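As C-alpha cells, the structure follows; a few thoughts come after it.
A, B, ... follow the sequence lines: proteins, then strands. Residue 1 opens every chain. Please read these numbers as outputs of a predicted model, since none were measured by experiment.
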Amino acid sequence: MQENYVHNNIEKKAQSKWRDSKIFEVNESSPKPKMYCMSMLPYPSGKLHMGHVRNYTITDVLARFYKMNGYNVVHPIGWDAFGLPAENAAMKSKVAPAEWTYQNIANMKAQLENMGLSIDWARELATCSPDYYRHQQWFFTQLYKSGIIYRKNGTVNWDPVDQTVLANEQVIDGRGWRSGATVIKKEIPMYYFAITKYAEQLLADLDQLGGWPEQVKVMQRNWIGKSLGMEVEFAGCDGFDGLTVFTTRPDTLMGVTYVAISAEHPLAEEAANHNAALAKFMYECKAGGVSEAELATAEKVGMFSGLYVTNPLNGEKVPVWVANYVLMNYGTGAVMAVPAHDERDFEFATKYNLAKKIVIKPQKEDSNYDPEVRAYTDYGVLVNSGKFDGMNFEQVFAAIEEELTSRKIGQVKVNYRLRDWGISRQRYWGCPIPIIHCEHCGDVAVPKADLPVRLPEELIPDGSGNPLAKNPDFVNCRCPQCGAEARRETDTMDTFVDSSWYFLRYTCADNQEQMLDERVKYWAPVDQYVGGIEHAILHLLYARFFYKALRDLGLVNGDEPFKNLLTQGMVLAETFYRQNPNGSKDWYSPMDIDVVKDAKGNLLRATYKGDGREVEYGGIEKMSKSKNNGIDPDPIINRFGADTARLFIMFAAPPELTLEWTESGVEGSNRFIRRLWRMVFEHQQYGIVERYKSGELTPEQKKLRTQLHQTIAKVTNDMGVRKQFNTAIAAIMELLNSYSKVAFTGENGRALSQEVLEAVVVLLSPITPHVCDALWNELRPDTELLEQAWLVVDESALDVDEVEMVIQVNGKLRGKIMVAKSLTKDEIEVMAKENTNVQKFIEGQAIKKLVVVPNKLINIVV
RNA sequence: GCCGGGAUGGUGGAAUUGGUAGACGCGCCGGACUCAAAAUCCGGUGCCAGCAAUGGCGUGAGGGUUCAAGUCCCUCUCCCGGCACCA
C-alpha cells in the first residue's frame, strides 16, 4: 500500500473494474427486492454542469446504499435531447441541431463516466432518437383515438417581424428577443391533451404520495385549483346576448356592480363590431406576451363595452366591461365584479369610478373597514341583500342554488384552475405530431405501420419560423385512409411530452416493437426520483398524467409513477467583476481569483490571478454563463478526483438546500480523504487482523466502540431514511476524530482498530466509492467491497450506564451532571438541587415547579 | 400579482418529536515539525465583560403561547423557485 493517497490510478482502476464486470447492469431475474433509483432526465447542453453532478451524485449514493442493503437496484440515464437550445445553437453557428445534440451527448457521457456512477448504461436513451419517439407517436395516436387529444385554438406569442412564434423566455419586456418588435398574442390551432379529464384523480392521488415533500404536493394541489362555485347566467339587455359567469362567491351576488369579460370573449368581439374605440382597445390588449406572470403584473385596464346585463337575483342592470385581468381560459371568461368584497374588482372599480356595494357585514368589530379604502374579502353575514339578509355563506349558497336551478339560470359547478395541455410547437427540433391533414378525411392519425414519422435531421433553422413547414419532402404525403394527396402536420410536440414517460422506457429500451413490455411492471413505479425543485409542478404533473393514461391503456400497473421524490437545490458560486467605464461589467471566474481575508475571516480583497490587480466581490449567485461563475467539473475531477468532488457536494449542504461551491471546501474534503487513507496505511503497517468480536477493552476503547455503533445507526438512518448525507458524513468525521485520539494497545485494541476502519470504509463507500474500494482491498484482500452487506448495529455496544443531564433554573442552563441510568426521578431531583452552581440560583427561593425530561434535562422553576 | 420555500457565528451548515444553540467542515489566530516553504500534526475560535470561575446577550424584525421556542401562532422585511412555449 502506498503511503499517500493518489486519486488517478485508484479511480481509473475501480471504474474499469466496474465496467468490465458489468456489475451495474441488472435484470428482472434477481430474487432480491427491486429498487428503481433515478435522476431527472438531463438536457444535453454540451458540458456537464455542477447541477448534473449534484443530481447524479445523490442518486448514485442512494443506489449504492440500497445495493449494499440487499436490493436489486437499477440506476439508468438518458438524454432530454429535443428542445430550443439546439435551435439557438443552429442559428448561431449554422450547425444542424441533430449533429450538435449528438456531439453534446458524447461529450457529457465521457464526463459522467469519470464520476464513477453506478449507472446501467445498457438502458441509455435519447428522446431525439426515432427508436424513442416512434413509440411516443404511437401513444399519441392511441390517445387521439380515445378522445384524450383534441384540436382547438390557443394563444401564442407572435413576433410580427421575424414571422415566428416565440417561447415565453424569448419575450423580453413584451418584445421579441431577436427582432425587438412588440410581440402580439395570436390565435392558432393546436393539439391539446385533455389533462383536465384527470384533474380529480391527479388531485386525489396526491394522498398516495407519502414519499413526496409536502411543499410539492401543496403546489400541485394549488395548481390544479379545485374550487366549488356556481355558474350564473346574466341575461342581456337591449337585444344583446347574455353571458355566464363562474363565481366561488355567490353570497356576494347581490353586490355585483359590473360584469367584466376577457378581450377574447365572443361578446366582446360582437360589441367591438359596432364600437371602433372598443375594437382599438381590444387590439391594444393583444400587445405583449401570453405568460400569466406578465398578465398578472400588468396594470389593470378596461373599457365599457356599451352593453348591459341583468342581475338574475335583483333585476339590476349592470354594465359589461372588457378587462385585461379576466382570463379567457379560466372559468367562462367572464366574472361578476363585487368591488366591496374582492381585491382585483376593488382596484379596477376605484380606477374607473364604478360603484361599490357592501353586502357582507364584517364578522368582528372592524373599525378599519371602509369600502372606499379596501375590500372586505372574508366570509360573513349578508346585509343589503333583501331576503338573504342575515344568512351566512352556507345558508345563502343553498338558497341561491335553489333559486337559480329552479329558474334554470344557474347551477353548482366544480371548477379547476388546471387547463388542458397544449402540446403543439411551431418548431423543428421536436417529435413530429403524427397527423396527416386530408381534404376528404380530415385529420388522420398516422397508422402504426407508418411510424415513426421521421424528423429530417439535416435542417438548420434560421429564426424565421419552422423549417419543416417549408420542406416539401416532409409536408407532402398521401392520406393513409383514402390515398389522396395530403399535407403532413408540421408542428412538433412540447418537450415535456418526451420527458413524461422516459423513465418507463428505461425498463425496456431494447424493445423495437412495443412502447412498453412486461418488464415495466417489474420495475415501475420509480422508488426514488431526484431532481430540481423547479420541476415541482409542470414536469411532475405531466408525468403523473401520462402514467394514469398509460394505466388506462393497460400498459402499466398502479396509479402513480414516483413513490419517493427528493427535490435538490441549485448550485451557487461566488462572483467577481470589474466595472468598465461605460458601466458594463467584466466577470471573472472564481477559479482565477486569489482572496485575502482578515483576522476575523472577512474578505479583505480579491485579485485576478491573470494580472494581480484587484476585482470587486459580486456576492454568491446561481452558476451561470452571464456571471462567469460556472465551475467546470472536469478540472476539479482531474485535480482532486471524483471522490473529492462527490464528498464535497454531499457534505456542503443537505440535498434540498442550495449548494455553495467553494474551493477551500473542496480542499477540505480532499484533506479528509487523505487523512482516512493515512489512518488505514498506519493501521496496516502493524498488519491487518480479524475485526473485533468480543473481549476486554480499555475504557477509552469501549467508549470508541460505543461511538462506532452509534455512528453506524446514525449513518444508516441518515442515508436510508432522512436522506441527509451531510450529517452522515459529519458523524463519520467525528468518529475518525475520536479514533485518532485512542491508543489501540493489545490484541483486542488492534481488532477494534480494524473494526472501526472497515466500518468507516463501508459507511463512506456510497459517497466516495473509488477510494473505499482501494482501502477495502488493503483491509480485506481477496474480497470485494461491492459484495459486502451493509453494517449491522451491535446493540450491546450501545449500552451505557451513565448519561449527562443538564440542569436549568428558570429555563437557563446552570449545570450538568452525570446520572446513572438506574436512578429514580426523585434521586435525580436531589442531585440536581445539590449542584453548587445551581444552589446559587435557587437559594432562599421557593421551588414552584420541577420538570424532568428523562436522560435529557431538569428544569427548576423558582 | 398569485402559489411554494428560505433567513442561525467571519463562512457552508448542525440541532431528527418544543428540551444543552452553533455538531462537522471552511476561514482565522497561536504552537510543533522545517534552513525555509508546502504538506502534516496539536490547541483556540458566537458577541460583550472578566486573569479565571462565571455572568449577560444571541437563531432576519416586532409581538404572542409555554416550565422551556431556531423549532408552534400572528404581523412584517428581504432573498430564492414556479406561473402552463427554458428545461
Side-chain angles (χ1 to χ4, degrees), chain A residues 4 40-43 45 80 83-85 88 156-157 165-171 213-216 218-219 221-223 225 289-298 300 325 329 343-344 418-419 421-427 494-496 499 532-539 541-542 567 569-570 595 597-603 622 648 651-654 656-660 662 664-669 671-672 674-675 678 714 717-718 721-722 724 726-727 729-734 737 740 804-808 810-813 816 837 840 848-851 853 856-857 859-861:
Chain A
N4 291 310
M40 282 183 185
L41 189 67
Y43 182 81
S45 55
D80 190 13
L84 213 45
N88 294 340
V156 295
N157 301 304
V165 176
L166 298 178
N168 283 336
E169 73 157 10
Q170 295 173 321
V171 179
E214 203 52 44
Q215 53 154 317
V216 174
V218 170
M219 281 192 264
R221 214 167 268 133
N222 292 338
W223 185 262
V290 298
S291 78
E292 191 177 312
E294 200 172 327
L295 297 175
T297 48
K300 289 176 186 50
Y325 73 94
N329 47 26
E343 305 275 1
R344 281 171 311 177
L418 181 68
R419 309 197 293 256
W421 175 16
I423 57 107
S424 293
R425 297 291 179 269
Q426 298 67 45
R427 281 186 229 299
D494 180 1
T495 56
F496 273 125
S499 57
I533 183 70
E534 65 272 22
H535 296 291
I537 297 174
L538 292 179
H539 161 61
L541 193 69
Y542 293 149
T567 52
M570 298 179 305
V595 159
K597 291 186 175 177
D598 69 9
K600 289 210 156 191
N602 296 307
L603 186 140
K622 179 178 176 175
F648 170 74
F651 179 61
E656 310 79 41
L657 262 55
T658 57
L659 173 81
E660 204 175 300
T662 61
S664 55
V666 176
E667 285 164 3
S669 293
R671 190 174 306 148
F672 173 75
R674 292 200 311 260
R675 189 159 170 244
R678 238 178 359 259
K714 179 168 174 58
N717 186 50
D718 280 355
V721 180
R722 296 178 67 215
Q724 297 280 297
N726 55 330
T727 51
I729 296 164
I732 297 169
M733 287 174 168
E734 281 182 83
N737 287 345
S740 68
E804 188 187 64
M805 291 185 73
V806 290
I807 313 164
Q808 297 181 335
N810 288 344
K812 291 199 171 178
L813 179 70
K816 297 180 184 182
N837 197 45
K840 285 199 289 190
K848 282 194 224 157
K849 192 169 180 176
L850 208 148
V851 183
V853 182
K856 283 248 166 80
L857 65 73
N859 190 10
I860 305 167
V861 186

Name all residues meeting the side chain to side chain donor-acceptor pair (under 3.5 Å) criterion together with D494(A); count only those two or more places apart in sequence or in a different chain, and write none if there are none. W421(A), R425(A)
Counting the atoms with a prime plus P, OP1 and OP2 as sugar-phosphate, which does Q426(A) contact under 4.0 Å by heavy atoms, base, sugar-phosphate, or nothing? base
Classify V156(A) by what it touches in the nucleic acid, base, sugar-phosphate, or nothing, heavy-atom distance under 4.0 Å. base
N/O (side chain, R671(A)) to phosphate O (OP1/OP2, C26(B)) under 4.0 Å: yes
R419(A) side-chain proximity, nearest of U16(B), A84(B), G12(B): A84(B)
Using a heavy-atom cut-off of under 4.0 Å over every strand shown, decide if E804(A) touches base, sugar-phosphate, or nothing. base
Scan E292(A) against the nucleic acid and name what it touches under 4.0 Å (heavy atoms): base, sugar-phosphate only, or nothing. base
Partners of D718(A) by salt bridge (charged side-chain N to carboxylate O under 4.0 Å, His left out), sequence neighbours excluded? K714(A), R722(A)
Taking any heavy-atom pair under 4.0 Å as a contact, classify V218(A): base, sugar-phosphate, or nothing. sugar-phosphate
Reading nucleotides 72-81 of chain B from 5' to 3' and marking B where a protein heavy atom lies under 4.0 Å of the base, S where only the sugar-phosphate is that close, and - otherwise, the string is --------SB
K816(A), nearest nucleotide to its side chain (from U20(B), A84(B), G4(B)): U20(B)
Look at the side-chain N and O atoms of R675(A) and state whether any lies under 4.0 Å from the OP1 or OP2 oxygen of C41(B). yes
Counting the atoms with a prime plus P, OP1 and OP2 as sugar-phosphate, which does G422(A) contact under 4.0 Å by heavy atoms, base, sugar-phosphate, or nothing? sugar-phosphate
So, does T495(A) get its side chain near the phosphate of A87(B), meaning an N or O under 4.0 Å from OP1 or OP2? yes
Distance check: side-chain N/O of N168(A) vs OP1/OP2 of A84(B), anything under 4.0 Å? yes
Syn or anti for G9(B) (syn when the glycosidic angle lies within 90° of 0): syn
Dot-bracket, RNA chain B: Watson-Crick or G-U, under 3.5 angstrom, [ ] crossing, | other strand? (((((((..(((......[....)))((((((.......))))))((((....))))..(((((..]....))))))))))))....
Checking H535(A) now: which residues fulfil side-chain contact (heavy atoms from CB on, under 4.5 Å) with it, not counting sequence neighbours? M40(A), H539(A)
Could you tell me whether the phosphate oxygens of G19(B), OP1 or OP2, come under 4.0 Å of any side-chain nitrogen or oxygen in K856(A)? no
Contact class for V165(A) (heavy atom, under 4.0 Å): base, sugar-phosphate, or nothing? base
Start at the 5' end of RNA chain B and walk down; is the nucleotide closest to I729(A) or to R722(A) reached first? R722(A)
NA contact type, L84(A), heavy-atom cut-off 4.0 Å: base, sugar-phosphate, or nothing? sugar-phosphate
Which part of the nucleic acid does V851(A) contact within heavy-atom distance under 4.0 Å: base, sugar-phosphate only, or nothing? base
Of the listed C42(B), A87(B), C67(B), the closest approach to the S740(A) side chain comes from C42(B)
With a 4.0 Å limit, can you tell me whether N726(A) has a side-chain N or O closer than that to the phosphate oxygens OP1/OP2 of A14(B)? yes
State which of U40(B), C26(B), A15(B) makes the closest approach to the side chain of R674(A). U40(B)
Once you apply a heavy-atom cut-off of 4.0 Å, does F496(A) come out as touching a base, just sugar-phosphate, or nothing? base
Under 3.5 Å, N/O pairs linking protein and nucleotides 49-54 of chain B:
none

Does a nitrogen or oxygen in the side chain of N329(A) sit under 4.0 Å from OP1 or OP2 of A84(B)? no
Any side-chain N or O of R678(A) less than 4.0 Å from the OP1 or OP2 oxygen of A39(B)? no
Would you mind classifying the nucleic acid contact of P654(A) as base, sugar-phosphate or nothing, using non-hydrogen atoms under 4.0 angstrom? sugar-phosphate
